[in-house]
Amino acid sequence: MTHDDDFADLDRMLAALPLEEPPAGLRARIMTATVFRPEPAVRPWETWLIGTFVGLAAWLAWLLASAPNAGERFVDTTNRLIEAGGLNSLTTVLWVGVGISAAWWISQLTFPSARRIRIR
Amino acid sequence: MAAALAVDPPVAAPVVDDQALISAVLAGRSDAFEEIVIRYERAVYNLAVRTLRDSTEAQDATQEAFFKAYRALGSFRPGAKFSTWIFTICYRLCCDRLAKRKRFSGDELPDRADPSAGPAALAERNDEALRLRAAIDALPEKYRAVITLYHLQGRQYEEIASVLNLPLGTVKTHLFRAKEQLRKALMP
């Protein structure tokens, strides 16, 4: 007589034991947590990158702000940049404005898309 | 014309194997994952509920197991058995939950078994399935897992050993002792 014979009745009972039904809604829960889970707006590595840049920018801002005569220097630098870019001339500013508005209007235009071939 | 109007004879839907379903999921077909869930939800839930002896926790563990499997599907080894893989994930999650319970309650072995599951109470129960489930729930955790997988995995000892990360001999010993205890509880 083997161990298998000893447990023949028990094995029969186990084989006949039906599995418990999972609660209703469990499948929906699983699907919501997996396939239908919304993609995060920002990935973890992007969060780290943005955080690093923000930290660096804050540090630079603090360095600039804590420098002696920081306000005057900032005004001087801004003036010099405006002069270098020719933005102190009304004509230049107008043409820049025209260019920006033209670019915006072009970006709003829609063109008919190319004929699409439906693949079956 | 007649050929165009002819209706194809009904053909039985082909049974798609797990590997093909996994490939389909990886190719972005969400319906393939739903098919996987339909196939294994019951078995995974049963493993969790027998191991944890708590339906709410078992549902959470089942959901977490499928979530982990879904995220790691790309690393699933072709040729391996999906059932063994998902059972392994589920069993580890259940062990983590049992360990947490033990930490918080301080019990040697957390026991949420039906307190009326003693032999006398069991003998009074008419339903064989209920009696058997109650007897399994009354087993120590290590035996409970072995007997549950023995039931779920269709007596594949190697698969059970793989899920539980135990040597084959230990699985056989645990199974023998589990059966002995079950027999004592059910057939006094």
Side-chain angles (χ1 to χ4, degrees), chain A residues 1-56 107-120, chain B residues 25 28-50 55-56 58-71 73 127-133 135-136 147-148 150-152 154-155 172 175-176 178-187:
Chain A
M1 191 165 178
T2 64
H3 290 318
D4 286 341
D5 295 330
D6 292 345
F7 296 122
D9 281 345
L10 189 62
D11 277 339
R12 182 193 53 75
M13 285 174 77
L14 275 171
L17 181 68
L19 291 181
E20 272 185 53
E21 277 301 324
L26 179 60
R27 189 177 305 159
R29 265 180 68 182
I30 293 167
M31 294 306 288
T32 308
T34 52
V35 176
F36 303 124
R37 188 186 180 88
E39 280 289 315
V42 183
R43 289 164 197 272
W45 69 267
E46 287 173 333
T47 312
W48 279 102
L49 197 70
I50 292 166
T52 308
F53 274 119
V54 168
L56 205 62
S107 73
Q108 297 303 305
L109 292 176
T110 53
F111 299 99
S113 58
R115 192 176 147 216
R116 286 177 190 162
I117 299 164
R118 195 170 169 189
I119 300 166
R120 289 185 176 231
Chain B
V25 176
R29 279 187 47 197
S30 57
D31 57 326
F33 191 74
E34 187 164 18
E35 178 60 35
I36 292 175
V37 174
I38 291 168
R39 280 186 191 182
Y40 292 103
E41 176 195 16
R42 234 158 57 118
V44 173
Y45 172 75
N46 272 265
L47 174 62
V49 83
R50 289 277 81 79
S55 173
T56 310
Q59 286 179 58
D60 292 345
T62 306
Q63 183 186 325
E64 210 178 333
F66 276 104
F67 175 67
K68 286 200 164 193
Y70 181 71
R71 287 187 61 175
L73 214 52
D127 191 343
E128 192 177 83
L130 273 178
R131 286 198 306 140
L132 184 53
R133 279 201 190 112
I136 292 171
I147 206 83
T148 305
Y150 178 75
H151 178 220
L152 292 175
R155 308 174 187 194
K172 286 179 179 172
L175 192 58
F176 177 75
K179 282 182 174 182
E180 264 191 337
Q181 290 197 17
L182 281 180
R183 194 173 54 180
K184 274 181 199 165
L186 295 165
M187 304 154 197

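Chain naming here is simple, since letters A, B, ... match the order of the sequence lines and numbering starts at 1 in each.
Without hydrogens or angle criteria, B/Gln63 side chain to A/Ile30 main chain gives no donor-acceptor distance under 3.5 Å. A donor-acceptor distance shorter than 3.5 angstrom exists from the side chain of B/His151 to the backbone of A/Leu17, with no hydrogens or angles considered. B/Asn46 places a side-chain N or O within 3.5 Å of a backbone atom of A/Glu20 that can act as its donor or acceptor partner.
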Legend entry - Worked verdict on B/Glu180 versus A/Phe7 for side chain to side chain contact (heavy atoms under 4.5 Å, CB included): CA-CA 8 Å; B/Glu180 264 191 337; A/Phe7 296 122; 3.9 Å; yes

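Side-chain contact check for A/Arg37 versus B/Tyr70: every heavy-atom pair is 4.5 Å or farther apart. Contact of the A/Pro23 side chain with the B/Gln59 side chain is registered, since non-hydrogen atoms from C-beta on lie closer than 4.5 Å. Using a 4.5 Å cut-off on side-chain heavy atoms (C-beta onward), A/Met31 and B/Phe66 make no contact. In this structure the side chain of B/Val37 never reaches within 4.5 angstrom of the side chain of A/Val35, judged on heavy atoms. In this structure the side chain of A/Pro18 reaches within 4.5 angstrom of the side chain of B/Arg133, judged on heavy atoms.
The contact between B/Val49 and chain A is made entirely by side chain atoms (from C-beta outward), counting heavy-atom distances below 4.5 Å. Contacts between B/Glu64 and chain A at a heavy-atom distance below 4.5 Å are absent for every atom of the residue. The part of B/Arg50 that comes within reach of chain A is its side chain, from C-beta onward, which places non-hydrogen atoms under 4.5 angstrom from that chain. For A/Met13, the parts sitting under 4.5 Å from any heavy atom of chain B are the backbone and the side chain alike. Looking at B/Ile38, both its backbone and its side chain come within 4.5 Å of chain A, counting heavy atoms on both sides.
Ion pairing of A/Arg29 with B/Asp60 is present here, as a side-chain N (NZ or NE/NH1/NH2) and a carboxylate O approach within less than 4.0 Å. Of the charged side-chain nitrogens involved, none lies within less than 4.0 Å of a carboxylate oxygen, so that A/Asp9 and B/Arg183 do not count as a salt-bridged pair.
Listed options A/Leu26, A/Leu10, A/Thr34 were ranked by heavy-atom pairs under 4.5 angstrom with chain B; first place goes to A/Thr34.
Note: B/Leu182 CG to A/Leu14 CG = 6.5 Å, rounded to the nearest 0.5 Å.
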